[in-house]
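Working notes for the structure below.
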Number of protein chains: 2
Amino acid sequence: MSEHNNRLSALRATLAAQGLDGFFIPRGDEHLGEYVPESAARLAYVTGFTGSAGLAIVLASRAAVWSDGRYVLQLAQQTDASLWERLHVTETKPELWLKQHAAGLRIGYDPWLIGAEALAKFDCVEMVPVAANPVDAIWVDRPAPPMAPAVAYDEALAGETSAAKRARIAATLREAGQQAAILTDPASIAWLFNMRGSDLEFCPVALGFALIEDSGRAVLFMEDEKVDAGLRAHLGAEVEVAGRGALAAAMAAQAGRSVRYDPATQPVWFKMRLLEAGATVAEAPDPCLLPKAIKNAAEQAGSRAAHLRDGLAVTRFLYWLHTAAPAGGQSELSAGARLLAERRAANHFRGESFPAISGAGPNGAIIHYHPTPESDRPIGRNEVYLIDSGGQYDDATTDITRTVWTGPDAPPDEVRARYTAVLAGHIELARLKFPEGVAGAHIDAFARAALWQAGLDYDHGTGHGVGAYLSVHEGPASISRAARPVPLAAGMILSNEPGYYEPGAYGMRLENLVLVQPAETGSPRKFLRFETLTLAPFDRRLIEPADLSPAALAWLNDYHARVLAELGPHLPDEARAWLAGETAPIGAIN
Amino acid sequence: MSEHNNRLSALRATLAAQGLDGFFIPRGDEHLGEYVPESAARLAYVTGFTGSAGLAIVLASRAAVWSDGRYVLQLAQQTDASLWERLHVTETKPELWLKQHAAGLRIGYDPWLIGAEALAKFDCVEMVPVAANPVDAIWVDRPAPPMAPAVAYDEALAGETSAAKRARIAATLREAGQQAAILTDPASIAWLFNMRGSDLEFCPVALGFALIEDSGRAVLFMEDEKVDAGLRAHLGAEVEVAGRGALAAAMAAQAGRSVRYDPATQPVWFKMRLLEAGATVAEAPDPCLLPKAIKNAAEQAGSRAAHLRDGLAVTRFLYWLHTAAPAGGQSELSAGARLLAERRAANHFRGESFPAISGAGPNGAIIHYHPTPESDRPIGRNEVYLIDSGGQYDDATTDITRTVWTGPDAPPDEVRARYTAVLAGHIELARLKFPEGVAGAHIDAFARAALWQAGLDYDHGTGHGVGAYLSVHEGPASISRAARPVPLAAGMILSNEPGYYEPGAYGMRLENLVLVQPAETGSPRKFLRFETLTLAPFDRRLIEPADLSPAALAWLNDYHARVLAELGPHLPDEARAWLAGETAPIGAIN
């Protein structure tokens, strides 16, 4: 780890030369999102830590790196304790650490890498924006930023022209008295302009920025290399394309206008430039966030079509697993590879939507586990195996988790009881009707009540939004107590994924994607319900029918009948016969 | 209404003389609470509107008065449309109305009558604090402020000495680096000093203010007339008593200290004086709010004892009603009077905890209905009757709602179905186990799911906190989606009161108070459950057993058995026999 020692020393020398007492290194890039290209992995370069959430602060004589509960072990393994204090972000808040150790000091930060809301938490110390990131100055052999071409997205799949989307956003801006809005989230930009890209591994976007005017005209800030003539023609005359270098001048030109800026998701660099220019900064959420989350009829149809293909791939995989697992010789990695191969055989498959979590036995209890050659565990007989995976298809993004008992013997009663409690929660949520106005935070507990009754719970949210051939984790809605409550609305696609984790023994999670639909109730109030999109059987060996209510059993049998009816005709005889057995009605008496 | 015309004209003249373009008239007094003495009912004096929520803004040539959905009709009846725009507070936000009609104008406000948080909403216009309220200047025959003596509260009932409470609060302040805290909520002051009063009709407090230091010493700002020698002795040497006139000097003396101030519940006057004095204003919730909500063993025992007496009064009333209602001749007011008489016969009864809601037939559908001689409706045969009432007892505050079918015929199936759905929700919540950290907002939906399944809902929260011989509506916790989520904690007392309202036909609400208790689950996680405190039967004629789950039926039968076991021995033979019939086990098959 002496290379990280050298990097830290070089960084400190650079800071000293710039008159800074410290520097703030977040994990994110200029888009402040979940996915960070290698060229922007500054936290990993300086500290060695590669987890998906974290930050570091370097002072002259001390330095600390933070992550959360998922990464305690990884943080300890990847970073050098002689260089870094390794801290838990909720136990030792960075802002308090900084207040304690950096009172009166000048702490540098890169205004491209932090939002205004996050920056405000550090107002007890003197935070100094830098014009050039000192990490970049010391970064030897830094990878080039991704420069994959962006491509037009089929309007038949998008369901709405970019012009119509821009007109909708423009109307929103006019209503709010805003003349323009900044866009920095590549998924918002992909949605707005009906285009996709391949700058990132799991999310089909092209990195860039945009400014949309209240007229519907827009500027897309994206390097020329990414925008070929075909895409240029697709974008049309209302969309100007300029390089990222044109951003500063574009912000300066906003003088006297009210410009929408999202302090939660957009770099503070934009706010600073707008204020400098004499623009009014109208703080409000990214205007594409909510419209993008509400899928139109074409996107909904695309998702159903993709879920048929994805369900077939998963079901073929489960059929293979039911003989491969008891036979032995398989591992987390080989099973993951098999599932990926099944998906690759599907039409319109573009890649995984995230790195698959394939966890056998105790590894299943590690909620964000990803098998590596070092950690790879054989899938044993008579154990619980969990696989959480998803695909990017031209017409949708999928995300599914199934948990199976490998057999050949029957599972212990306790394992069946736990699985059934998780399934009961999944079903309670799946069959819920709820009025408009209700947010995921208000119904998350339905997926937990059966576990709660037994004194059990799971330490993650119940569901996240899912994009339409975009990010598998999409805002603004979720089914989680932790998130800001955003009312669920017809057209949103979310995951329904309760779980249970017995550390050192096994993990279980049962995940389907659901589409929010209007519910017919015969009442004048507007109600919503979930349409389950995902199609794959639940492992009946793990179900204790006596622990399910009659209504839950009826839901399960209906769902299984639908899985068979939709997938069966597309399966070979043997697999179809197996699926028929797996989805046969389960009676109330075991 | 010409008197209100005269008052409005007089007010406008006063404003003009003071160089103000308008004035802001909230409903609250200097304690910003629910209960306002006659002497502070400025909104009612100026506008005529007497509802429990509202505000008015007077400009030179226009004036508006706001309230919410509960008071649309009352606002229209009580105020003069030629003088006032009558507005709905969420449809036309006062701050937007002001922005539209008062841009560039100077709008006066009384800094004693608004909190810093509420004031901040009006920062688009120039809000000018006044030294003396111009409404008071024009108020002819203004009632004197209440000046009832405060009295010591029995330490055996309080369960903790004031000195111990003050030491706890002082420790909280020291931990937060605060040297003192302002207290303006009379309930916080009553709790902290173990005293009660009778300045208000339904809440046993004495109006006053306090300042508590990080040493545990405190100053109680209360007029001499209210503090006799006995109370003085009770307060002890660590508590100084000063008149309200001493407040300004006390704030001026905070120079250089960090003083806790609650922007949500305390008048901005305090913040202004502290800033003027050169104190640091530490914005944080009233430090008594959470400790007061968590009832100690003595308060819990007091509540159980009071609920036995209150349950007997309510049950004797229900027994009377079951023959009086079909016999005819009773009305909402006579029934309310009968229940009050039953309570008055109980030991330690001090008065009602709020004006009873006694609603027959369609009046029951008006959620905040209070019968008056004009509105009083006979309690007819074969109708739904709702009564929501509560008592203040030396040892607790109670709040209970029961809904009954007056008979003599059986109720229609639809009415039974609705009642049973409300009861199912009540029971789902009552029997829930949930982990620590969960707030009421996250479990409110359990009380609604049975109604939601039928496309129905109710437009109020499911539960509110309840004080210990204090306010029947107490923060910070609630069971409501609308409120800021505060984790439920063992010792809190809340109401569980789902309902259903069929406008023009009937209203139903089923309310028990519940005490949050640790739950035994055998798991290492900490779980909580509700102990139901309220004791009175539910009307079995309105219950459809087939609509209740086996677990819900079991809860109901257990509860009814407990009601009989606890109340029965204290009832006369005839009433006991009736209660035995009312609480007999209900089978799963009707």
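Each chain gets a letter, A, B and so on, in the order the sequences are listed, and its residues count up from 1. None of the values given here were measured: they were computed from a predicted structure.
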When the 4.5 angstrom heavy-atom criterion is applied to F527(B) and chain A, the contacting part is side chain

Would you call D214(A)-R260(A) a salt bridge at under 4.0 Å N-O? no

### Residue pair E502(A) / M508(A), side-chain heavy-atom distance below 4.5 Å
no

Exercise for review: Mark yes when over 12 heavy atoms from residues, nucleotides or ligands other than R484(A) sit less than 6.0 Å from its CZ; otherwise mark no.
Suggested key: no

Next on the checklist: Looking at A447(A), is its backbone amide N or carbonyl O close enough to the side chain of E428(A) to form a donor-acceptor pair, meaning the two atoms are under 3.5 Å apart?
Outcome noted: no

Cut-off 4.5 Å, heavy atoms of chain A, and the answer for A454(B) is backbone

Checked R529(B), R481(B), E520(B) vs chain A; the most non-hydrogen pairs under 4.5 Å come from R481(B)

Okay, D444(B) and chain A: the region with an atom under 4.5 Å from a heavy atom over there is neither

Check your understanding: Would you say N512(A) and H426(A) make side-chain contact, with heavy atoms under 4.5 Å?
Key -> yes

Chain B shares the most heavy-atom pairs under 4.5 Å, among K433(A), R431(A), K526(A), with K433(A)

Looking only at L456(B), I443(B), L451(B), most heavy-atom pairs under 4.5 Å shared with chain A are made by L456(B)

Checked G437(A), P485(A), S523(A) vs chain B; the most non-hydrogen pairs under 4.5 Å come from S523(A)

- [ ] Please work out whether the ring planes of Y559(A) and W555(A) are parallel, tilted or perpendicular, with thresholds of 30° and 60°.
- [x] parallel

